[in-house]
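Since we're looking at a predicted model, the values are computed, not measured.
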Amino acid sequence: RAFSALVGYPEEELRTLDWYNDLTPPEWKETEVKVLTELCSTKEPARYEKEFLRKDGTRIPVELLAHLARDESGSGHCYYAFVQDITEHKRAEEALRISEERFRQVSENAQEWIWEVDDKGLYTYASPAVEKILGYLPDEIVERKHFYDLFLPEIKERLAEEAFAVFASKAFFRGFENANLHKNGSTVFLETSGSPMLDREGNLLGYRGLDIDVTTRKHAESALRESEQRFRQLAENLDQVFWFIQFDPERVLYVSPSFERIWGMAVDDIYQNPKLWAESIHPEDRAGTLKQVEVFIKGTENEEKGGRGANKYDVEYRIIKKGGEVRWIHEYGTHCYDQKGHLILISGIAEDITERKDVVDALKQMKEELAMQVVECTKDLDDINKKLKGELSERQLIEKALKIRERELRERSKKLEDANKALEVVLKRIEKDKDDLEKNLLSNIRILIAPFIDKLKKTSMSPQQKAYLSVLEANLN
């Protein structure tokens, strides 16, 4: 009955069918003949697999344990077999095959090195990526090397202890950084993640995991640290204040240490309360300065909406430090955009120009005083000439002396005018020096920051970080 249900034929009809010709698919006939022939020869039970054709035309996989039935003389005269439906077993085998094939394809094509080790750390599997990462073929390490054999000698013992502590806890781990020795002798930094393999009783069989080559990232991080150190040294030793403000959401990103010296307040104070900057502006200059900033910000908002606005500002104003000291500040800022033209940063430079302002004011005052002296001397000269002309008929003898005096006065006037012109040249030179100083400052900033940007380009960064970097470079250029 069980066999009848297995192949789908009623028992009466089944007795009319031939096992070999009616129930066995063509491709299985040769196999079955070989098995039964060997059974006749050895007279030992034979176990084999085949398929049966069911009445509905489908096939069913089975496992048979065939025996040779012998008569009293010991000669075989027929076969009998125990038949087991192995459909579920075959499905499981196929699922396992597909899973193993999928794992093989993934591991062979993945950039990461996929591995397995036993509970002693000996490699039992290594994907082909190990050759690209460490220079070894899989066969050179599987069953030949423990994971700690690849560590740098100076850290091998310490890292092995840390790893086996994880083994003892049978815990998952992720992001375990370790320095390994490449086959060519170079150092490769890996980031390792793994999960335990346990038997049904929970005993540790080993670990399965993957390694990611983070050597480039580690070198980039090191270069970035060095570059940041150089930038800090630059920022801490320059007189000017550099600042960066993020636009959306609005917050102060960076203010260089010179702020503390010029403004007389801690940098952390301005991070926590950006309004302190406006409060520090001299009351007489506050409204005008904030108005320019407002125009600058409104220009920002207009550009965000697709319009055109002022994307730079340049202003001079006074501040009052905590102790009451008044200082003159020259500040200029600009917008920074991403590659799509969206505003992301506002950056600027502020410098203390108090001494320069004092010199300019003193020169202007001197120019005004000299101009007044020229006017007064010219008036005196005119008065004298008028008086001399009125007395010319009576004082012929004095005419020569008066002419000499007139010439002297005119020479004095000319000298005063020349001095006035010289002062004008000095003032113009001071203004030009001011412009040259600003241009040199910007040029020095580009020279100092350009290497920092070039090294950052070689690092692994997120798209947003790359966009910020491109914007900063575009604005420096």
* Under the side-chain hydrogen bond (donor to acceptor under 3.5 Å, both in side chains) criterion, do Lys50 and Thr31 qualify, and how do the steps go? -> CA-CA 8 Å; Lys50 64 173 285 186; Thr31 299; over 6 Å; no

* Asked: side-chain contact (heavy atoms from CB on, under 4.5 Å) between Phe3 and Val62: does it pass, once the steps are laid out?
  -> CA-CA 11 Å; Phe3 188 70; Val62 295; over 6 Å; no

* To do: Would you please test Ile319 and Val326 for side-chain contact (heavy atoms from CB on, under 4.5 Å) and show each step?
  => CA-CA 6 Å; Ile319 63 169; Val326 176; over 6 Å; no

* Evaluate side-chain contact (heavy atoms from CB on, under 4.5 Å) for Glu316 paired with Lys357, printing each intermediate quantity in order. => CA-CA 10 Å; Glu316 291 183 359; Lys357 289 286 289 185; 3.5 Å; yes

* Hey, mind stepping through Arg356 and Ile353 against side-chain contact (heavy atoms from CB on, under 4.5 Å) and telling me if it holds? -> CA-CA 5 Å; Arg356 191 170 71 203; Ile353 59 169; 3.1 Å; yes

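Checked for salt-bridge contact, Asp56 and Arg54 meet the test: a charged N lies under 4.0 Å from a carboxylate O. A salt bridge does not link Lys34 to Glu38: none of the charged side-chain nitrogens sits closer than 4.0 Å to a carboxylate oxygen.
The list of salt bridge (Lys or Arg N to Asp or Glu O under 4.0 Å) pairs with a residue in residues 147-167, not counting sequence neighbours, reads Asp149-Lys156, Arg158-Glu162. Among residue pairs with one or both ends in residues 272-281, none qualify as salt bridge (Lys or Arg N to Asp or Glu O under 4.0 Å); sequence neighbours excluded.
Taken to the nearest 0.5 Å, the CZ atom of Phe167 stands 8.0 Å off from the CG atom of Asp118. Separation of atoms CG (Leu39) and OG1 (Thr37) is listed at 9.0 Å; rounding is to 0.5 Å. Remark: His67 NE2 to Arg47 CZ distance equals 8.0 Å, nearest 0.5 Å. Separation of atoms CZ (Phe164) and CG (Leu159) is listed at 12.0 Å; rounding is to 0.5 Å. To the nearest 0.5 Å, atoms CG (Asn203) and CE (Met197) are separated by 13.5 Å. Distance check: Asp211 CG to Glu191 CD gives 9.5 Å after rounding to the nearest 0.5 Å.
The backbone N or O of Arg251 lies less than 3.5 Å from no partner atom in the side chain of Tyr271, so there is not a single donor-acceptor pair. A distance-only check finds a donor-acceptor pair linking the side chain of Thr124 to the backbone of Glu116 [under 3.5 Å]. Side chain of Thr289 to backbone of Arg286: no donor-acceptor contact under 3.5 angstrom is found. Listed for the Ser258 side chain is no donor-acceptor partner under 3.5 Å among the backbone atoms of Val241. When atom types are taken as modelled, the side chain of Arg327 and the backbone of Ile262 share no donor-acceptor pair closer than 3.5 angstrom. At least one donor-acceptor pair closer than 3.5 Å links the side chain of Lys321 to the backbone N or O of Arg261. Judged by distance alone, the side chain of Lys170 and the main-chain N or O of Gly202 form a donor-acceptor pair under 3.5 Å.
Using a 4.5 Å cut-off on side-chain heavy atoms (C-beta onward), Thr215 and His219 make contact. Inter-residue side-chain proximity for Tyr332 and Thr334 is flagged as unmet; no heavy-atom pair is nearer than 4.5 Å. Looking at Ile329 and Arg318, their side chains never come closer than 4.5 Å, going by heavy atoms from C-beta outward. Two residues are said to be in side-chain contact when any heavy atoms from C-beta on lie closer than 4.5 Å; Trp277 and Ile270 meet this criterion. Within the 4.5 Å cutoff, side-chain heavy atoms of Leu14 are placed close to those of Val7. Side-chain atoms of Val142 and Tyr136, non-hydrogen and from C-beta on, never get closer than 4.5 Å to each other. Contact of the Glu143 side chain with the Leu122 side chain is registered, since non-hydrogen atoms from C-beta on lie closer than 4.5 Å. Side-chain contact between Asn273 and Asp269 is absent, with no heavy atoms from C-beta onward closer than 4.5 Å.
Here the closest heavy-atom approach between residue Ile212 and residue Glu112 is recorded as CG1-CG, 3.6 Å. The shortest heavy-atom contact between Ile86 and Glu49 is CD1-CD, 3.8 Å. In terms of heavy-atom proximity, Trp19 sits nearest to Thr24 at O-OG1, 3.0 Å. The two residues Ala350 and Trp263 have their closest heavy-atom pair at CB-CH2, 4.0 Å. Ala66 and Tyr48 make their closest contact through CB-CE2, 4.1 Å (heavy atoms, listed as atom of the first residue, atom of the second, distance). The two atoms that bring Ser347 and Phe244 nearest to each other are CB-CD2, 3.5 Å, heavy atoms only.
Remark: Glu27 pairs with Arg59 by the salt bridge (Lys or Arg N to Asp or Glu O under 4.0 Å) rule, at least two apart or across chains. Residues satisfying the ring-ring contact (aromatic ring centres under 6.0 Å, His included) test with Tyr123, not counting sequence neighbours, are Trp113. Legend: residues meeting side-chain hydrogen bond (donor to acceptor under 3.5 Å, both in side chains) with Asp85, ordered by chain and number and at least two apart, are Thr87.
If you look at His330 and Tyr317, their ring centroids are not closer than 6.0 Å. In this structure, Tyr9 has its ring center at least 6.0 angstrom away from the ring center of Phe52.
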Name every donor-acceptor pair, under 3.5 Å, that has one atom in a side chain of residues 171-189 and the other anywhere in the protein, sequence neighbours excluded.
{"residue": "Glu177", "atom": "OE1", "partner": "Lys218", "partner atom": "NZ", "Å": "3.0"}
{"residue": "Glu177", "atom": "OE2", "partner": "Arg217", "partner atom": "NH2", "Å": "2.9"}
{"residue": "Asn178", "atom": "OD1", "partner": "Asn180", "partner atom": "ND2", "Å": "2.6"}
{"residue": "Asn178", "atom": "ND2", "partner": "Phe176", "partner atom": "O", "Å": "2.9"}
{"residue": "Asn178", "atom": "ND2", "partner": "Thr192", "partner atom": "OG1", "Å": "2.9"}
{"residue": "Asn180", "atom": "ND2", "partner": "Asn178", "partner atom": "O", "Å": "3.2"}
{"residue": "His182", "atom": "ND1", "partner": "Asn184", "partner atom": "N", "Å": "3.0"}
{"residue": "His182", "atom": "ND1", "partner": "Asn184", "partner atom": "OD1", "Å": "2.9"}
{"residue": "His182", "atom": "ND1", "partner": "Asn184", "partner atom": "ND2", "Å": "3.3"}
{"residue": "His182", "atom": "NE2", "partner": "Gly135", "partner atom": "N", "Å": "3.4"}
{"residue": "Lys183", "atom": "NZ", "partner": "Glu140", "partner atom": "OE1", "Å": "3.3"}
{"residue": "Lys183", "atom": "NZ", "partner": "Glu140", "partner atom": "OE2", "Å": "2.8"}
{"residue": "Asn184", "atom": "OD1", "partner": "Ser186", "partner atom": "N", "Å": "2.9"}
{"residue": "Asn184", "atom": "OD1", "partner": "Ser186", "partner atom": "OG", "Å": "2.7"}

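The closest side-chain donor-acceptor pair between Trp328 and Glu351, if any, does not fall under 3.5 angstrom.
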